[in-house]
Enquirer: 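Could you have a look at this structure, given as structure tokens, before my questions?
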Amino acid sequence: MDTILVVNAGSSSLKFEVFAIEGGLRKLLRGQMDGIDTTPRLRIKGSDGKVLADQGYLPADVPDLPSAMRIVGAWLRERHEGRLVAVGHRVVHGGPDYDQPVRINAEVLSDLERYVPLAPLHQPNNLAPIQAVLDRRPDLPQVACFDTSFHRGHSLVTNHYAIPEHFFAEGVRRYGFHGLSYQYVSGRLCEIAPEIANGRVIVAHLGSGASLCAISQGRSIESTLGFTALDGLPMGTRCGQIDPGVILYLLEQRGMTPHEVQDLLYKQSGLKGLSGVSNDVRDLLAASDPRAAFALDHFVHRIGLHAGALAAALGGLDAFVFTAGIGENSPAMRARIAARLEWLGTRLDAKRNARGELLISTPDSKTRLYVVSTDEELMIARHTLKLIGG
Ligand code: ADP
């Protein structure tokens, strides 16, 4: 049985899934090495939910992503019966040029390293497992799938910031992210409601990272994310859209270092910063602290504002789609957001919403509301299979 390994590497965790190729891509197992360098733990489950591995390691044995990748590789060689024929990687940044996934070779890898300054917190983590596989199995085809590619068809007007042009040339552009999720959801919409998929759609990817994407006839035309994954909506720990004057104030008046500002905006802000309680919407919904309620009010308010902006970019709206952790699992948050969209013609069906059905708007809703589960890993597996000629 030929299989594809999909790798999604973050700063302290390495997530992976294995797909069988024959007879259409089929998920065989999913796993995660958490707590790299602190409390490493490898957990693997089969597609039936059966626990295949649950093992702790010493921090010294898993100090970084390459060592995590080696342990996962060793587990697969020993326990996985399939024959691995390719590895697909999630890579956050494909820069201005990669508008499609790409087969990795030395040249591509050095190209992707050029984008590290554009995504210093993510890109090095994404590239480390690629290098680890290259070192051990240079013969194994590897494919990089980018969070930015789906947005590369944006117009020049959309892609620009209003700063002198030479910055655009050196890469200071609005890239947009979460593209693998949007591409998957857009594809699902084609199956579920082709007439809608060809219209004007906003997809709301609401997880620990959050953004909205305006999709017209299946193509992304706007995103709330820009140069980095900090823009747009407030997120679990990220600030979202902020007046650049605030950054100047922090640097000049408060004497903060760039590193401190980075930490503040990426890790101490968003729902966590506003509430002082948690970055997790489940905790905030359950908390009695008024700051938790305030953080959620702010989140919903900003989603409403940005949805309006994206509807303007689309020239109207045929459907609004909820996806990712919050979007897929929280009827309460969906209801609050849907209430903000009523002026755009949406009418929520409370019962369908409570049941988490695919279509959650009423039959007479002018603009439909959907809940679609995203699957970035399957998207990566599909791209990988295509590029290795499957
Ligand atoms: P990521 O893949 O970006 O880490 P997910 O898409 O898994 O994020 O989303 C994680 C977030 O989803 C959690 O932080 C939590 O706030 C939210 N979430 C998950 N389940 C629920 C739920 N039942 N109710 C509300 N929020 C939820």
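Start at 1 and go down the list; that is how both ligands and their atoms are numbered.
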Enquirer: Does the Lys NZ or Arg CZ of R238 fall within the cation-pi geometry relative to Y266 - under 6.0 Å from the ring centre and within 45° of the axis?
Expert: no
Enquirer: Please list, by chain and number, the protein residues whose heavy atoms come under 4.0 Å of ligand 1.
Expert: G207, S208, G209, D280, V281, R282, A324, G325, I326, N329, S330
Enquirer: Can you tell me which residue pairs pass the side chain to side chain donor-acceptor pair (under 3.5 Å) test with a partner in residues 204-222, sequence neighbours excluded?
Expert: H151-S220, H154-S220, R174-E222, H178-S211, S181-H205, Y182-S211
Enquirer: Assess the side chains of E328 and T323: does a donor N or O sit below 3.5 Å from an acceptor N or O?
Expert: yes
Enquirer: Rounded to the nearest 0.5 Å, what's the gap from CG on N105 to CG on L134? Could you check?
Expert: 9.0 Å
Enquirer: Distance alone, cut at 3.5 Å: any donor-acceptor contact between the side chains of Q100 and H383?
Expert: no
Enquirer: How far does OG of S67 sit from CG of L14, to the nearest 0.5 angstrom?
Expert: 9.5 Å
